[in-house]
Amino acid sequence: MTLTATAMTAQLGPSMSREEQWLAPYAQFTARSAGRRFVEPPHPYRSAYERDRDRIMHSAAWRRLADKTQVFTGEPGEYHRTRLTHSLEVMTVARSLARSLRLNEDLVDALALLHDLGHPPFGHSGEETLDRLLQSEGGFCHNRQALRIVEEFEHRTHLYPGLNLTREVLDGQAARVDKSRQADRPLLEVQSVDAADSVVYDSHDPDDAVEVGLLRIEELLEVGLWREAAARVAARYAALEPRELRRAVAHELIDWQVGDLIAGTAARILEQGVDSVGSVRRAGWLMAPGPEIAEPKQELETFLLQRVYRHPDLLARRARLQELLAERFEHLSRDPKRLPAPWQSRIAMSGLRRTLCDYLASLTDRGALTCDLQA
Ligand code: MG
């Protein structure tokens with residue numbers, strides 16, 4: 001007789017809910033999920049949020065992140081981060097926060113993998129172009145686009161459109177669209193991914209910028225947070241090569257920020273008597289950098305904006321790529337028959353301009369550079 005996985009594991013010990021034993025009362029328990037739009041039977045050994053994570057990871061949109069710009073694209077040596085490696089870094093940092101604060105790590109995984117899924121090719125410059133092209137129809141926003149992808153474009157089964165993710169994952173992504181317009185705070189799992197995103201890009205963008213030659217490591221010493229992290233590294237190690245030092249400082253920056261977030265969030269949870277998801281929603285934003293980090297982090301971000309994201313070399317390249325994307329749009333709008341068939345069939349529902357942008361947003365950087373040959 002063949003035993004099922006559930007029957008087999010039942011013989012290993014008494015049935016226990018890992019979440020009931022481990023999660024804090026303010027965490028989002030899987031058993032309290034609002035479920036999926038299209039009801040599905042539970043999986044025998046994976047939680048609803050584990051299934052969400054896996055559905056995202058098995059999607060075509062996820063794999064395309066491997067060739068989508070984070071900040072840099074097509075640089076020699078391919079050292080720099082892509083959207084995919086960035087998302088994985090965000091997942092591991094968010095998971096560290098979640099584990100320390102006894103949050104739902106499975107939910108955090110799904111949210112982290114989803115958070116940048118809607119990015120078009122060429123990073124924020126691609127997004128700006130699509131947003132401009134769609135001004136008359138509500139604009140383009142990568143956070144909202146991630147929801148369109150998982151609710152409409154991805155195809156798993158004929159039973160429903162999209163991936164049929166749980167309400168908490170969809171609401172968590174929706175909370176990223178416009179933070180200022182929300183009356184309630186999002187779940188702490190959502191706040192973890194938001195905080196992890198910031199920890200990760202503030203650590204890896206300086207590292208990548210030096211590697212691709214936009215910055216010298218000495219220039220980073222102008223920034224208080226980097227200088228302090230470098231001093232901490234120097235106190236631990238006698239002498240490091242510049243490249244080793246740079247990586248060690250990037251790692252120190254992550255460790256320092258994550259430690260600060262864990263301690264600060266735990267303190268705010270205690271101070272505000274947060275003991276349920278309901279009280280998380282009513283509390284102030286709980287997962288935020290403490291006073292030691294907040295201001296110098298702002299200084300680092302201003303430095304990155306002025307010296308990296310607005311570097312003349314990067315701006316020149318971005319302008320060329322934006323022009324190319326706009327040309328693709330104009331070309332396809334004159335001859336929509338060149339769109340791949342599945343996208344053509346969406347024109348009647350979404351309109352031509354939105355459909356063209358949905359198609360262009362789905363492309364990788366390489367796909368956008370060559371799509372006139374494929375279409
Ligand atoms: Mg991100």
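In listed order, ligands and their atoms are each counted from 1. Hydrogens, waters and symmetry mates play no part in the numbers below; they use all other heavy atoms, side chains included. Here the structure is a predicted model, which means the values were calculated and not measured.
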Pairing of [X] and [Y] as salt bridge, 4.0 angstrom limit:
{"X": "Arg247", "Y": "Asp207", "value": "no"}
{"X": "Glu137", "Y": "Arg354", "value": "no"}
{"X": "Glu40", "Y": "Arg55", "value": "yes"}

> Are Leu23 and Val193 connected in a single hydrophobic cluster, I mean Ile/Leu/Val/Met/Phe/Trp/Tyr linked by side-chain heavy atoms less than 4.5 Å apart?
Replying inline: no
Quick check: of its N, O or S atoms, which one does [X] have closest to the Mg ion (ligand 1)?
{"X": "Asp116", "result": "OD2"}
{"X": "Asp197", "result": "OD1"}
{"X": "His115", "result": "NE2"}

